[in-house]
2 protein chains.
Amino acid sequence: MAANILLVEDEPAIQELIAANLGRAGHHVVRAGDAETAQRIVRDALPDLVLLDWMLPGMSGIELARRLRADERTRTIPIIMLTARGEEQDKVAGLEMGADDYITKPFSPRELVARIKAVLRRRAPQATEDPVELGGLSLDPATHRVAAGERPVTLGPTEFRLLHFLMTHPERVHSRAQLLDQVWGDHVFVEERTVDVHVRRLRAALEPVGHDGLIQTVRGSGYRLSAQPAVAGV
Amino acid sequence: MAANILLVEDEPAIQELIAANLGRAGHHVVRAGDAETAQRIVRDALPDLVLLDWMLPGMSGIELARRLRADERTRTIPIIMLTARGEEQDKVAGLEMGADDYITKPFSPRELVARIKAVLRRRAPQATEDPVELGGLSLDPATHRVAAGERPVTLGPTEFRLLHFLMTHPERVHSRAQLLDQVWGDHVFVEERTVDVHVRRLRAALEPVGHDGLIQTVRGSGYRLSAQPAVAGV
DNA sequence: CAGGAAATTGACGATTTTGTGACAGGTCAC
DNA sequence: GTGACCTGTCACAAAATCGTCAATTTCCTG
């Protein structure tokens, strides 16, 4: 249950206190004093969870949260907000922004650790930065490129993440609900049928480069990416 | 995705509101106004999930949660806490107690339904995920594939579940009623003859790949899957 | 060997699930 | 601004699957 946690907090004393407690709980903590630094660290280190103070000098916490949610690589990283008492409207804004939880200062270390545990438990591990290759189709998270042999494939952010997940978990059938969890993140509320639409868009992008049978429909269950054809004819 | 949900809430108005929303989402809701009643219902009905208000007359929600976690049979039933704003310390206790999630009042029906779905989903992966192999026939729930040696077999969802059940319970005779319970679910109302039809469809799919005698009819009793020939005679 | 119960089979309409095209908002770079 | 994406949701079309029935066939009993 140990995790890499990025702590974004401008007050040194509080930063120290929290870091000490998280360290004692077995987590590895990286700290940032402002949102800009935090943003860079997130991109570089892709932590498992971000503990985010709402009141920051410069870019606000809420703005940082928005940006993390806007970037497809960081979209699914859980965020826990730290808010001062009485900033009710901020909480609402934060939750709408896609924060997974919030905690009001002052809080007990015990509570903080418990919430982190709960949030992490909700999320399945995934997302590597390594390039993936499968049946002539290659995808590189770092450069954000997809290619079928020589020919490049252009995808929207969501289709890219969807394909990335499918390629890193091939052969297996994924229900629409699981795909929503893994690709969209479990804090979003979207219709399951939305998955169908994105699968269709992905198929449409893959078909002209000769990968039409790649994503298969398993009726009643979900979708599966497989190099093998769904049925071997004859 | 429909589930049996136990709602533990003492305030009639809220109880009504939540129950209505869950009902609309396709869940079957049983209600309890206090922890003692709830405890009895859990033991009798073993619901799929417990929605538990923290503030209850008599035994508190937290105490109920503790007892559910202490009992072997109820230990794995997911619990979602309903808390009022500001009951911070209770949340901590609840999460440490093993609640799977919590939601703060007031909440939107949509969010509640979404969280329930998420929790049930996480609980979903069962031990039924293991591949089965029997007499040259293999079935893998994870990839949703069936193959006789090299040759793939295509099945509809119901035939797939039927074959899965038969392969995990081979050499035993199952009555039509038992098969309906196990494969269709014990709540559906379908004719027993329907089982015959699906057995036939399954046989039809298995026969071209050399597994014709696999599913045997036991006249007057039901069906049996066996690698052994039906009769030793002749 | 006849009678009848039990099981198989083919057909068919109803239902469920998935594919598709369109559309209204929203975001972002210019 | 504004125009080029991207997204999530619909409504409808297309396809696959389901459950039931009635006609047959099989099999046991007496």
Side-chain angles (χ1 to χ4, degrees), chain A residues 63 65-73 75-76 96-98 144 146 153-163 173-177 179-180 183-185 187-207 212-224 230-231, chain B residues 1-2 26 110 114 144 146 153-163 173-177 179-180 183-185 187-207 212-224 230-231 233-234:
Chain A
E63 172 61 16
R66 205 184 57 73
R67 296 196 186 187
L68 294 183
R69 287 296 183 240
D71 185 334
E72 70 265 18
R73 275 181 303 172
R75 179 168 297 178
T76 58
E96 282 177 350
M97 207 82 267
H144 200 281
V146 180
V153 181
T154 43
L155 297 176
T158 302
E159 281 81 42
F160 184 86
R161 271 181 288 123
L162 178 57
L163 180 59
V173 175
H174 308 282
S175 70
R176 289 169 179 73
L179 290 173
L180 282 180
V183 177
W184 276 256
H187 46 71
V188 294
F189 307 119
V190 277
E191 296 293 322
E192 291 203 340
R193 292 294 257 102
T194 297
V195 175
D196 295 39
V197 177
H198 282 275
V199 165
R200 170 172 160 277
R201 288 169 179 163
L202 188 48
R203 280 170 171 165
L206 257 31
E207 180 265 318
D212 33 315
L214 197 62
I215 301 176
Q216 300 155 6
T217 304
V218 180
R219 193 156 241 269
S221 297
Y223 293 99
R224 165 182 60 202
V231 291
Chain B
M1 186 49 87
R110 213 178 159 205
H144 210 275
V146 180
V153 179
T154 38
L155 300 175
T158 303
E159 280 81 43
F160 185 87
R161 287 199 308 274
L162 177 58
L163 179 59
V173 179
H174 306 282
S175 71
R176 290 171 178 73
L179 289 173
L180 282 179
V183 178
W184 274 256
H187 47 75
V188 295
F189 169 68
V190 284
E191 296 293 323
E192 290 204 339
R193 282 270 153 248
T194 298
V195 175
D196 296 37
V197 177
H198 281 277
V199 165
R200 168 175 156 273
R201 288 170 179 161
L202 190 48
R203 280 170 169 163
L206 256 32
E207 179 265 317
D212 33 316
L214 198 63
I215 301 175
Q216 301 154 5
T217 305
V218 180
R219 199 180 173 81
S221 300
Y223 294 97
R224 166 183 56 204
V231 290
V234 179

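Reminder, nothing fancy here: chain letters follow the sequence lines and each chain counts from 1.
- Not a single donor-acceptor contact under 3.5 angstrom links the side-chain atoms of B/Arg193 to the base of D/dT20.
- One finds a side-chain N or O of A/Thr217 lying less than 4.0 angstrom from the OP1 or OP2 phosphate oxygen of C/dG19.
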Heteroatom pairs (N/O) under 3.5 angstrom, protein to nucleotides 21-26 of chain C:
unit_1, atom_1, unit_2, atom_2, d
C/dG21, OP2, A/Arg200, NH2, 3.0

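- Between A/Leu202 atom CG and D/dT7 atom P there is a gap of 11 Å when expressed in whole angstrom units.
- Separating the CZ atom of B/Phe189 from the P atom of D/dC18 is a distance of 18 Å, rounded to the nearest angstrom.
- Nearest to the side chain of A/Arg219, among C/dT16, D/dG19, D/dT7, sits C/dT16.
- Between the side chains of A/Arg203 and A/Thr217, at least one donor-acceptor pair of N or O atoms lies under 3.5 Å.
- Using a 4.0 Å heavy-atom cutoff across all strands shown, B/Phe160 reaches no nucleic acid atom at all.
- In this structure, B/Glu159 places its CD atom 15 Å from P of D/dA16, rounding to the nearest Å.
- Base contact: A/Thr194 has a heavy atom under 4.0 Å from a base atom.
- A sub-4.0 Å separation between OP1 or OP2 of D/dG8 and a side-chain N or O of A/Trp184 is present.
- Rounded to an integer number of Å, the gap from CZ of B/Arg176 to P of C/dA5 is 16 Å.
- Rounded to a whole Å, the CZ atom of B/Arg203 is 14 Å from the C1' atom of D/dT25.
- For the atom pair CG of B/Leu179 and OG1 of B/Thr194, the computed distance is 12.0 Å after rounding to the nearest 0.5 Å.
- If you measure from atom CD1 of A/Ile215 to atom P of C/dT20, you get 12 Å, rounded to the nearest angstrom.
- A/Asp196 comes within 4.0 angstrom of sugar-phosphate atoms only, judged by non-hydrogen atoms across all strands, and of no base.
- A heavy-atom distance below 4.5 Å is not found between the side chains of B/Arg193 and B/Val197.
- Residue B/Tyr223 places at least one side-chain N or O under 4.0 Å from the OP1 or OP2 atom of C/dT8.
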Derivation of the side chain to side chain contact (heavy atoms under 4.5 Å, CB included) call for A/Asp212 and A/Leu206: CA-CA 6 Å; A/Asp212 33 315; A/Leu206 257 31; over 6 Å; no
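- Aromatic ring orientation, B/His144 versus B/Phe160: parallel (interplanar angle below 30°, classes split at 30° and 60°).
- Between A/His198 atom NE2 and D/dC6 atom C1' there is a gap of 8 Å when expressed in whole angstrom units.
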Side chain to side chain contact (heavy atoms under 4.5 Å, CB included) for A/Arg224 and A/Ile215? Distances and angles first, verdict last. CA-CA 6 Å; A/Arg224 165 182 60 202; A/Ile215 301 176; over 6 Å; no
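- In this structure, CD of B/Glu192 is placed 16 Å from C1' of D/dC21, rounded to the nearest angstrom.
- In this structure, A/Tyr223 OH and A/Arg176 CZ are separated by 4.5 Å, a value rounded to the nearest 0.5 Å.
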